[in-house]
Amino acid sequence: MIILHVSKQSRGKFIEKLYRNMSDFIENKNLNWIPSLFDTIGMYLNCSSITVYEWQEEESCYYLHYHSNNDKVPHVLMSSHFEVIDDKSTKMIKIDSLTNPWIIIIHDMTNSNMDRLKIEVVNIEVNKYLTTFSSILNSMHMPLFNNRLLELNNELSGSIHTSFVFQKITDVIQSTFHNIKVSYMVTQDFTIPDHINVKIME
């Protein structure tokens, strides 16, 4: 009987590369960390390519978020389809520790038994990594956000143009926390641009 396991050294190197990516981002503030993250996963799994879809709640489907080469892949992956992607050469990982969950599709795997064990490692460690990363990003953004709110308070003081007020608040939130969608719940109807999401409270 042969017992397969992923060596501690291999797993340790993978974890080290993940957190080196985070450290580079924090120190440089300009690293595009998402391609770096998926390159790290691809090297660890020794696969030919990686495709990543991000869940969009409003449309109930996954949209293409990242692809490691120029092969044609579907831009939209409907929620009912992703379960049939798994086969001997293609594996799927679902990452839930983000605001919008990801489906990571690993292409052209070779050793199905060892790959399965490594995919379990990726699933566990990347979820931990993203949870930690999200916490750090929030702590980095909060002082900047608070300063912008103070500036915004002075800028909007006395303004009677509700459209302008909603637009400025939205701009400050989205410029500080990227990829966030802003919605407002209000108690009365206002004249507001169509691209700002406002719901009337009953």
Identified side chain to side chain contact (heavy atoms under 4.5 Å, CB included) partner of Tyr129 from the options Asn21, Ile124, Val122: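 Of the listed residues Asn21, Ile124, Val122, the side chain to side chain contact (heavy atoms under 4.5 Å, CB included) partner of Tyr129 is Asn21.
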Sole residue of Ile50, Ile119, Ile104 in side chain to side chain contact (heavy atoms under 4.5 Å, CB included) with Leu45: Ile119
Co-membership, hydrophobic cluster, residues Val52 and Met43, 4.5 Å side-chain: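 Cluster IDs for Val52 and Met43 differ.
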Hphob cluster co-occupancy, Met22 + Ile34, side-chain heavy atoms under 4.5 angstrom: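 Yes, one cluster joins them.
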From CA spacing to verdict: side chain to side chain contact (heavy atoms under 4.5 Å, CB included), Ser68, His107: CA-CA 10 Å; Ser68 60; His107 304 280; over 6 Å; no
Pair Ser10-Tyr44, side chain to side chain contact (heavy atoms under 4.5 Å, CB included): steps then yes or no: CA-CA 8 Å; Ser10 172; Tyr44 178 65; 3.3 Å; yes
Minimum heavy-atom distance between Phe14 and Ile41, given as atom pair plus value: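 Closest approach of Phe14 to Ile41: CE1-CA, 4.0 Å.
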Using 0.5 Å steps for rounding, measure from the [atom1] atom of [X] to the [atom2] atom of [Y].
X      : Y      : atom1 : atom2 : answer
Phe164 : Ile169 : CZ    : CD1   : 10.0 Å
Tyr19  : Glu125 : OH    : CD    : 6.5 Å
Thr170 : Gln167 : OG1   : CD    : 6.0 Å

With Glu120 via side-chain contact (heavy atoms from CB on, under 4.5 Å) - residues at least two apart: Arg116, Leu117
Of Trp102, Trp55, Tyr53, the residue whose pairing with Tyr62 passes ring pair (Phe, Tyr, Trp, His ring centres under 6.0 Å): Trp55
Pairs meeting criterion salt bridge (charged side-chain N to carboxylate O under 4.0 Å, His left out) with involvement of residues 34-51, two or more places apart: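 Salt bridge (charged side-chain N to carboxylate O under 4.0 Å, His left out) check on residues 34-51 returns no pairs.
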Donor-acceptor contact below 3.5 Å, side chain Thr40 vs main chain Ser36: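 The answer is yes, because a donor-acceptor pair under 3.5 Å joins these two groups.
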Residue pair Lys118, Ile106: steps toward the side chain to side chain contact (heavy atoms under 4.5 Å, CB included) verdict: CA-CA 12 Å; Lys118 283 192 168 186; Ile106 314 296; over 6 Å; no
Worked verdict on Ile95 versus Asn123 for side chain to side chain contact (heavy atoms under 4.5 Å, CB included): CA-CA 7 Å; Ile95 302 293; Asn123 204 351; 4.0 Å; yes
